[in-house]
Amino acid sequence: MKLTDLAAQVLRHQRSTPDLIAEALRQAIQHGIFTEGQSLRQDEIATQFGVSRIPVREALRQLEAEGLVSFHPNRGAMVTSLSPEAAQEICEIRLALETTALQLAIPQLTEADLDQAATILQTTEQTTDPVQWANLNWQFHAALYTPAHRPRLLSLIKMLHINVDRYIRLQIQALDYRDHSQQEHHQLLAACQQRDEKQATEILQHHIGAAAQQLVEYLQTAARPSQPLLDSPILQKVLQPGKYVKSVV
Ligand code: NI
């Protein structure tokens, strides 16, 4: 091993400036430092990061592709807000994509993968910070989906998680969300340990469906309190009473 090899290794893993700025802004949105509808001034962000406006613009374009930021002709970049309809659609897509990823992953899961997922759950138990909790939630799901070896599928799922995760902070504060969710994570891991694809799929469907129902209701009550709640036949199907998972809801 030579110094040049080590340098090459480090440089290969080092992320570009726009990536780093995008990550910081993503976290700022998740933490609620930037809120829905807030303008993101490129010159101010550039000054704070000590960079030119070019990498900032590139970072904002990344966040636009992820659905967190939108560009408006006169007002520039703004933090997007999630409508109840958009949240419902995202969760319907998650149901399809995440069950596919899980079903592809289960036959490939190694003991090391399962141990990693279990360790993430243990860390989650000790976490009180909602943003950290949301990150660990993603890491747990990703640990179970990654063995599917479908990188495009995984990155689509990640993008959907990022859009919904920023509301987890609010959901954790408002609802008895964390206990239910964590209970389902343990059930999901147990089904994966038994390589029981059918049971794992049903638990995951319920997990996404229950979180979706809470999120859509939360957003709808905030936006239009007097309107009847949205309904989704797909979400209702996975939340039918008498379904496999009885310990939740
Ligand atoms: Ni989860």
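On a predicted model such as this, the values are computed, not experimentally measured, just so you know. Indexing begins at 1, ligand by ligand and atom by atom, following the structure's order.
A salt bridge links Glu64 with Arg61: the distance from a Lys NZ or Arg NE/NH1/NH2 to an Asp or Glu carboxylate oxygen falls below 4.0 Å.
Ring planes of His141 and His185: perpendicular class, angle over 60° (limits at 30 and 60°).
Thr47 and Arg41 are not linked by any side-chain donor-acceptor pair at a separation below 3.5 angstrom, with hydrogens and angles left out of the test.
Seen from the Ni ion (ligand 1), atom OD1 of Asn137 and atom NE2 of His185 lie 80° apart in angle, a value rounded to 10°. For the pair NE2 of His141 and NE2 of His207, the angle whose vertex sits at the Ni ion (ligand 1) is 100° to 10 degrees.
Here the shortest heavy-atom pairing between Leu82 and Tyr167 reads N-OH, 2.9 Å.
The Ni ion (ligand 1) has no N, O or S atom of Ser181 closer than 2.8 Å.
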